[in-house]
Amino acid sequence: MNDKIIVITGATDGIGLAAAKAIAGQGYRIGLVGRNPEKGKKAMEAIVSETGNDKLDFFQADLSLVKEVSSLSNYIRNKYSHLNVLLNNAGGASKDKIITSEGLERTFATNQMNYFVLTTNLMDMLSASEGSRVVNVASNAHIGATIDFDNINSEKRHSWWSTYCVSKLMNIMFTYRLAQIQNKVTANCLHPGFVNTNIGGNEGTVIKRIVKFGSNLFARTVEDGADSSIYLSTSNDIHNVSGKYFFKCKEIKSSKASYNKDQWDQLWNVCESYKEQLS
Ligand SMILES: NC(=O)c1ccc[n+]([C@@H]2O[C@H](COP(=O)([O-])OP(=O)(O)OC[C@H]3O[C@@H](n4cnc5c(N)ncnc54)[C@H](OP(=O)(O)O)[C@@H]3O)[C@@H](O)[C@H]2O)c1
């Protein structure tokens, strides 16, 4: 296989699917990750019909479970000889406090642990190819959030919105820390803007209303929302850029809290420890 290969999580809907279509149009082989095989099949049919590119593989995994993310990493390793880009995009917010069967709060597990486990498990594969990239979809929802390390799994309190915002702050800190220790693979993150997607699903009526309001206000289509994901995953302009945060394909500053290097390390250690316990 000489194709450039990208794995995109949450590629069955929303921003991830829009990014997959555009990147398929550039000729990449794409590993689409989702939890619903029916949606996976439909997504692949839509990509083939819109781009003519049928170099597509679907990987099924519930990314809120560390064990499933670990198995997914093994499937990807077995399937591909190399990997050029990992686009961590899957995410969401649960209205209620939900603790997974592994004991983690579900928004934290899906939005941050999943990014951490998949990326670190695939890092040697990524490092083996010249110019490989990790791209993490975060959000400006992180602005104003701070991490309470005694409340990672909503042990003391739970609010769906602050849990979501903290998870997106974690995505940014994780990206910065990864960029700091990696010299072979670049790591960047982004805010897609408010985009009217299925985020929050059927249970997240409040988040859906907020996103709908924001997307009406800023008029960003799902294709617009995928712009930085596509740019950071594929553009030659930024092949040497790492450890940065983007919106509309331009570097922007993230919140002051996100540059706290001690917390980058603390977060890394927490994720590493859960990964060791649960993989
Ligand atoms: N929409 C916005 O305004 C906005 C703003 C800022 C940041 N973001 C970020 O953008 C990213 C994409 O969100 P979106 O708005 O495109 O949402 P979306 O339309 O709901 O798409 C999310 C994707 O992630 C998948 N996913 C969610 N939980 C999963 C799990 N446990 N296991 C496997 N796959 C799972 C979904 O699969 P299913 O199809 O099975 O549900 C879907 O493919 C997220 O990281 C989100 O935080 C979105």
Side-chain angles (χ1 to χ4, degrees), residues 7-21 31-44 46-47 58-69 71-72 87-94 98 100-102 104-115 117-118 135-143 145 160-161 163-172 174-175 189-204 207-229 232 245-248 254:
V7 166
I8 305 177
T9 67
T12 54
D13 215 330
I15 296 162
L17 176 56
K21 286 177 180 170
L32 298 94
V33 181
R35 58 189 157 182
N36 180 336
E38 267 308 301
K39 283 184 83 169
K41 189 166 168 271
K42 280 198 183 132
M44 293 201 287
I47 293 169
F58 179 71
F59 298 92
Q60 185 186 356
D62 178 349
L63 299 168
S64 69
L65 296 172
V66 172
K67 272 207 171 50
E68 292 212 14
V69 181
S71 305
L72 168 68
L87 172 52
N88 287 308
N89 161 82
S94 309
I98 296 174
T100 69
S101 56
E102 296 179 331
L104 301 183
E105 189 284 319
R106 194 170 74 177
T107 301
F108 163 66
T110 309
N111 294 8
Q112 172 55 26
M113 276 308 294
N114 148 44
Y115 282 22
V117 175
L118 192 59
V135 178
N136 293 325
V137 179
S139 171
N140 266 357
H142 81 280
I143 294 168
W160 66 271
W161 175 243
T163 304
Y164 176 75
C165 297
V166 169
S167 74
K168 293 287 126 183
L169 173 63
M170 289 174 171
N171 293 164
I172 296 172
F174 167 55
T175 308
C189 53
L190 65 106
H191 170 54
F194 276 110
V195 185
N196 190 12
T197 62
N198 195 35
I199 193 164
N202 296 326
E203 54 182 321
I207 191 169
K208 280 192 96 156
R209 278 207 298 270
I210 291 175
V211 164
K212 196 165 185 346
F213 175 75
S215 58
N216 286 341
L217 199 66
F218 299 109
R220 284 205 34 100
T221 63
V222 82
E223 289 77 20
D224 294 334
D227 57 2
S228 301
S229 296
L232 293 173
Y245 183 53
F246 287 77
F247 176 48
K248 294 185 177 175
S254 51

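The structure presented is a predicted model; accordingly, all values stated were derived computationally and were not measured. Atoms within each ligand, like the ligands themselves, are counted from 1 in listed order.
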Check: With a 4.0 Å cut-off on heavy atoms, does Arg106 reach ligand 1?
Finding: no

Next item on the list: Return yes if some donor-acceptor pair links the side-chain N/O of Lys168 with the main-chain N/O of Val137 below 3.5 Å, else return no.
Entry: yes

Next item on the list: Would you mind finding which of Thr12, Asn140, Asn196 brings a heavy atom closest to atom 43 (O) of ligand 1?
Entry: Thr12

Notebook entry, point to check: Does an N or O anywhere in Gly34 fall below 3.5 Å from an N or O of ligand 1?
Noted result: no

Notebook entry, point to check: Which pair of heavy atoms, one from Ala43 and one from Thr12, lies closest together, and at what distance?
Noted result: CB-CA, 4.1 Å

Notebook entry, point to check: Out of Val137, Thr197, Asn89, Thr107, whose heavy atom is nearest to atom 44 (C) of ligand 1?
Noted result: Asn89

Next item on the list: Consider ligand 1: state whether an atom of it lies below 4.0 angstrom from any non-hydrogen atom of Ala141.
Entry: no

Note to self: Closer than 4.0 Å to some heavy atom of Gly193 - which atoms of ligand 1 meet that?
What the structure shows: 2 (C), 3 (O), 4 (C), 5 (C), 6 (C)

Notebook entry, point to check: Does the side chain of Val7 reach to within under 4.5 Å of the side chain of Leu72, using non-hydrogen atoms?
Noted result: no

Checklist line | Note, Met170 side chain near Asn111 side chain (heavy atom, < 4.5 Å) | finding: no

Margin query: I need the atoms of ligand 1 closer than 4.0 Å to a non-hydrogen atom of Leu63, numbered in the order shown.
Written below: 30 (C), 31 (N), 32 (N), 33 (C), 34 (N)

Next item on the list: Under 4.0 Å from a heavy atom of Asp62: give me the atoms of ligand 1 that qualify, with their elements.
Entry: 30 (C), 31 (N), 32 (N)

Notebook entry, point to check: Just which atoms of ligand 1 are under 4.0 Å from any heavy atom in Gly14?
Noted result: 16 (O), 19 (O)

Notebook entry, point to check: What atoms of ligand 1 come within less than 4.0 Å of a heavy atom belonging to Pro192?
Noted result: 5 (C), 6 (C), 7 (C), 8 (N), 48 (C)

Next item on the list: Check the side chains of Tyr245 and Asn171 for a donor-acceptor pair under 3.5 angstrom, ignoring hydrogens and angles.
Entry: no

Check: What part of Thr110 sits under 4.0 Å from ligand 1 if we count only heavy atoms: the side chain, the backbone, both or neither?
Finding: side chain

Next item on the list: Could you list which atoms of ligand 1 come closer than 4.0 Å to a heavy atom of Ala61?
Entry: 32 (N), 33 (C)

Notebook entry, point to check: Is the shortest distance from a heavy atom of Ser64 to ligand 1 less than 4.0 Å?
Noted result: yes

Check: In chain order, what residues pass the side-chain hydrogen bond (donor to acceptor under 3.5 Å, both in side chains) check against Ser139, with sequence neighbours excluded?
Finding: none

Notebook entry, point to check: Got Val222 and Thr197 here, is their nearest side-chain heavy-atom distance under 4.5 Å?
Noted result: yes

Checklist line | Close N or O approach (Ser139, ligand 1; < 3.5 Å) | finding: no

Checklist line | Nearest atoms (heavy-atom pairs only) where Gln112 meets Ser167 | finding: OE1-O, 4.4 Å

Check: Any nitrogen or oxygen of His191, main chain or side chain, under 3.5 Å from a nitrogen or oxygen of ligand 1?
Finding: no

Next item on the list: Tell me which one of Lys39, Glu38, Gln60 gets a heavy atom nearest to atom 39 (O) of ligand 1.
Entry: Lys39

Notebook entry, point to check: Where on Tyr115 is there a heavy atom closer than 4.0 Å to ligand 1, on the side chain, on the backbone, on both, or on neither?
Noted result: side chain

Check: Which atoms of ligand 1 have any heavy atom of Phe194 under 4.0 Å away?
Finding: 3 (O)

